[in-house]
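In what follows, a single structure is set out as structure tokens and then discussed.
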Protein chains: 2
Amino acid sequence: MNSVEPNVIPFPTIRRFPAYLRLLKDLAGNGKEWISATTLAEDLKLKPIQVRKDMACTGVEGKPKVGFQVSELILAIEHYLGWDDTTYAALIGAGNLGSALIGYKGFVDNGLRIIAIFDKDRRKVGRQVGGIVISQLEDLAETVKELKIHIAILTVPAEAAQSVAEYAVASGIKGIWNFAPKSLNLPDGVVIQKTDLATSFAELSAKLKASE
Amino acid sequence: MNSVEPNVIPFPTIRRFPAYLRLLKDLAGNGKEWISATTLAEDLKLKPIQVRKDMACTGVEGKPKVGFQVSELILAIEHYLGWDDTTYAALIGAGNLGSALIGYKGFVDNGLRIIAIFDKDRRKVGRQVGGIVISQLEDLAETVKELKIHIAILTVPAEAAQSVAEYAVASGIKGIWNFAPKSLNLPDGVVIQKTDLATSFAELSAKLKASE
DNA sequence: TAGATTGTTAATCGATTAACAATC
DNA sequence: TAGATTGTTAATCGATTAACAATC
């Protein structure tokens, strides 16, 4: 790469990165050192040309007839996503979904560590979930500063989402992963990522309809 | 619409439908009868022109200067997604995430009802989650037929996902909502929808990186 | 009527896909 | 060498956005 460009990677490619990463780690675990775009494509049900384009975004160069070095790809993708560093997160909303996320083992692969839990409900404060004591929301700002927390994972009811998000931003949170089914309006510069079950189910519904 | 076309709606539009639907239901709850694309756009942080294009897909016609009838839009979107009918689902994998989904209240708005739970782990069989008794996986085919179950919600570990999915298909399942971090290879005609935490977090990671 | 808003047609943008030369 | 696979350049496709006439 000779260009001075900051190397912007298209979002569709970024969304495919985790699937590549998992497959590559599997391959590495099985002692495989090289992999071709053709094979990756087959396993992930993508077209080889698309995989080659995606791999080009990682900056890793392949060898004709051989493919790409597995370890090199893993490092490049992990580094691009920042998953080789730990991101500390606070979870807000210790309900069903929140507890499930606390218990989710997969986040270690993403360098994501939930190290604090908050809830508005005073009756929950003091209880533990997954070995972490639930704190009162009022302590958020202090904890964010103290533990160098960058992101908040929002698993509160829809009605509370906007106000809690504003409170989180005021407490120093830079990024919000919003699981509440509510679109958030926050100042520019705050990063928002929504994960919405209904959106995903809508896709499934449309596909089912189309397949009939 | 004079066309004979089956009216294919773009996926990006379908993914926006749930957010429209929620907002429209809020509006209806507040007694609002008409809404303009301009206002919808503002609330959802979209461009008015995009909202008008999306609304055109619903088949609902607006009135210049007035907007769209809220109730008409709600019915059209719900009907398109099939959310005005109940879809019966089986959940496979009664772990943390599975239990959270069982407890999730929002699915009623999507016409989704989880009416059976299965797990491979014999020790879990017989226990209850959210008032539903966990059955052994071997009973899946029978239950699918008996309760007219259309989709399976897969919340099993990655290693088990492919084999369990194959088993579900053999048991008569037509659509799979896959929460396991594993790409599934299934026969054509089976509808697959994945919801992957890592994919969503990768987006967040990239946005955070870009915002620095 | 004047003006806000819709709906349509065309332009733009970005991602996917195709074609093919380069290479080990 | 022959052939599989990469990487680049161009073509295609689909969604977003712009421009503007139609309308209540």
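These values consider heavy atoms only, across backbone and side chains, with no hydrogens, waters or symmetry-generated copies. Reminder, nothing fancy here: chain letters follow the sequence lines and each chain counts from 1.
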### Qualifying residue, where the test is side-chain contact (heavy atoms from CB on, under 4.5 Å) with Ile151(B) and the options are Leu91(B), Ile176(B), Leu112(B)
Leu112(B)
### Message
Both Val60(B) and Asp54(A) contact DNA chain C. Taking the nearest nucleotide for each, which residue is further toward the 5' end?
### Response
Val60(B)
### Message
Just to verify, what does Arg15(A) make a salt bridge (Lys or Arg N to Asp or Glu O under 4.0 Å) with, not counting sequence neighbours?
### Response
Glu203(B)
### Query
Is there a donor-acceptor contact under 3.5 Å from the side chain of Lys105(B) to the main chain of Gly103(B)?
yes
### Message
In this structure, how many angstroms lie between the P atom of dT12(C) and the CD atom of Gln50(B), rounded?
### Response
19 Å
Would you list the atom pairs, donor with acceptor, under 3.5 Å between side chains in residues 75-82 of chain A and any protein atom, with sequence neighbours excluded?
unit_1, atom_1, unit_2, atom_2, d
Glu78(A), OE2, Lys25(A), NZ, 2.9
His79(A), ND1, Asp84(A), OD2, 2.8

### Message
Tell me if the aromatic rings of Trp177(A) and Phe201(B) count as close, with their centers under 6.0 Å from one another.
### Response
yes
### Intra- and inter-strand pairs of DNA chain D in dot-bracket (Watson-Crick or G-U wobble, both distances under 3.5 Å; | for another strand)
..||||||||||||||||||||||
### Query
Taking only N and O in the side chain of Arg15(A), is any of them less than 4.0 Å away from OP1 or OP2 of dA15(C)?
no
### side-chain contact (heavy atoms from CB on, under 4.5 Å) partners of Ala158(B), counting only residues at least two apart
Pro181(B), Lys182(B)
### Side-chain H-bond candidate by donor/acceptor type, Ser200(A) with Gln193(B), under 3.5 Å
yes
#### Entry: Value in whole Å for how far the P atom of dA15(C) lies from CZ of Phe11(B)
19 Å
### Any donor-acceptor N/O pair, Ser211(A) side chain to Leu208(A) backbone, under 3.5 Å
yes
### Task
Find the distance between CZ (Arg16(A)) and OG (Ser183(B)) and round it off to the nearest 0.5 Å.
13.0 Å
### Given dG7(D), dA15(D), dT8(D), the nucleotide with the shortest approach to the side chain of Glu61(A)
dG7(D)
### Query
Phosphate oxygens OP1/OP2 of dT16(C): is one of them under 4.0 Å from a side-chain N or O of Arg16(A)?
yes
### Task
Identify, residue by residue, the members of residues 21-47 of chain B with a heavy atom below 4.0 Å from DNA chain C, and return them in order of residue number, or none.
Ser36(B), Ala37(B), Thr38(B)
### Task
Could you tell me whether the side chain of Asn178(B) and the main chain of Ala180(B) form a donor-acceptor pair under 3.5 Å?
yes
### Task
Quick one, give me the B/S/- string for nucleotides 19-24 of chain C, reading 5' to 3', where B means a protein heavy atom under 4.0 Å from the base and S means that only happens at the primed atoms, P, OP1 or OP2.
B---B-
### Query
Hey, is the main chain of Asp54(A) close enough, under 3.5 Å, to the side chain of Thr13(A) for a donor-acceptor pair?
no
